[in-house]
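See below for the structure under consideration.
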Amino acid sequence: TWQRFILGSALLACCADAGSARDYRHYFQMYGHHDIHRQMLQDRSRTEAYAAALAKEPEVVRGKTVLDFGCGTGILSVFAAKAGAERVICV
């Protein structure tokens with residue numbers, strides 16, 4: 001499940017699901033390969049759904065600082081900036 005936290009003018013979204021150390025290792029190993037990012041960008045329905053969500057509710061990020069932690073290609077950061085985020089930090 002995703003939760004939103006607003007700290008001052010910064011919006012943080014984080015996954016609150018707990019998992020084992022083994023689960024986390026597997027998760028991060030998957031994203032260590034470049035091909036997974038190509039596959040995600042080519043998944044039009046997924047990418048367009050993220051873009052549409054921020055376009056539909058830009059007030060979620062408008063005027064705020066957004067931290068995209070684990071940004072990969074940075075596509076979600078681009079969507080946040082287009083939706084009016086004052087500042088986007090990609091890590």
Side-chain angles (χ1 to χ4, degrees):
T1 41
W2 286 90
Q3 295 182 1
R4 292 190 310 190
F5 300 93
I6 298 178
L7 304 172
S9 64
L11 171 73
L12 305 175
C14 69
C15 182
D17 293 335
S20 69
R22 185 178 147 279
D23 293 337
Y24 288 121
R25 275 194 305 276
H26 180 262
Y27 175 84
F28 287 110
Q29 285 172 352
M30 282 181 47
Y31 289 97
H33 302 282
H34 294 114
D35 192 58
I36 190 69
H37 299 289
R38 180 190 56 79
Q39 291 174 26
M40 288 189 294
L41 287 172
Q42 289 180 337
D43 183 349
R44 288 185 66 127
S45 59
R46 176 187 174 278
T47 303
E48 289 173 358
Y50 283 123
L54 279 173
K56 183 179 177 184
E57 297 188 48
E59 64 278 359
V60 170
V61 295
R62 187 181 298 128
K64 298 182 174 102
T65 298
V66 175
L67 172 62
D68 184 357
F69 189 81
C71 65
T73 64
I75 192 71
L76 300 180
S77 300
V78 171
F79 296 155
K82 284 179 130 182
E86 183 174 316
R87 191 167 113 176
V88 181
I89 302 167
C90 309
V91 179

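Keep in mind that what you see is a predicted model, and the values were worked out from it rather than measured.
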For S77 and D68 the tightest heavy-atom approach is OG-OD2, 2.6 Å
Are I75 and L54 joined in one hydrophobic group, where the rule is that I, L, V, M, F, W and Y side chains link up if heavy atoms are under 4.5 Å apart? yes
In the single-linkage hydrophobic clustering (I, L, V, M, F, W, Y; side-chain heavy atoms under 4.5 Å), do V78 and V66 co-cluster? no
Go through K64 and E86 one step at a time and tell me if the side-chain contact (heavy atoms from CB on, under 4.5 Å) criterion holds. CA-CA 5 Å; K64 298 182 174 102; E86 183 174 316; over 6 Å; no
Shortest non-hydrogen contact between A83 and V61, atoms and distance: CB-CG2, 3.6 Å
Note, I89 side chain near F69 side chain (heavy atom, < 4.5 Å): no
Please list all pairs passing the salt bridge (charged side-chain N to carboxylate O under 4.0 Å, His left out) test where one or both residues lie in residues 34-43, with sequence neighbours left out. D35-R38
Grouping I, L, V, M, F, W and Y whenever their side-chain heavy atoms are under 4.5 Å apart, do L41 and Y50 come out in a common cluster? yes
In the structure I gave you, are the side-chain heavy atoms of V60 and P58 within less than 4.5 Å of one another anywhere? no
Which residue pairs satisfy the salt bridge (charged side-chain N to carboxylate O under 4.0 Å, His left out) criterion with at least one member in residues 47-56, sequence neighbours excluded? R44-E48
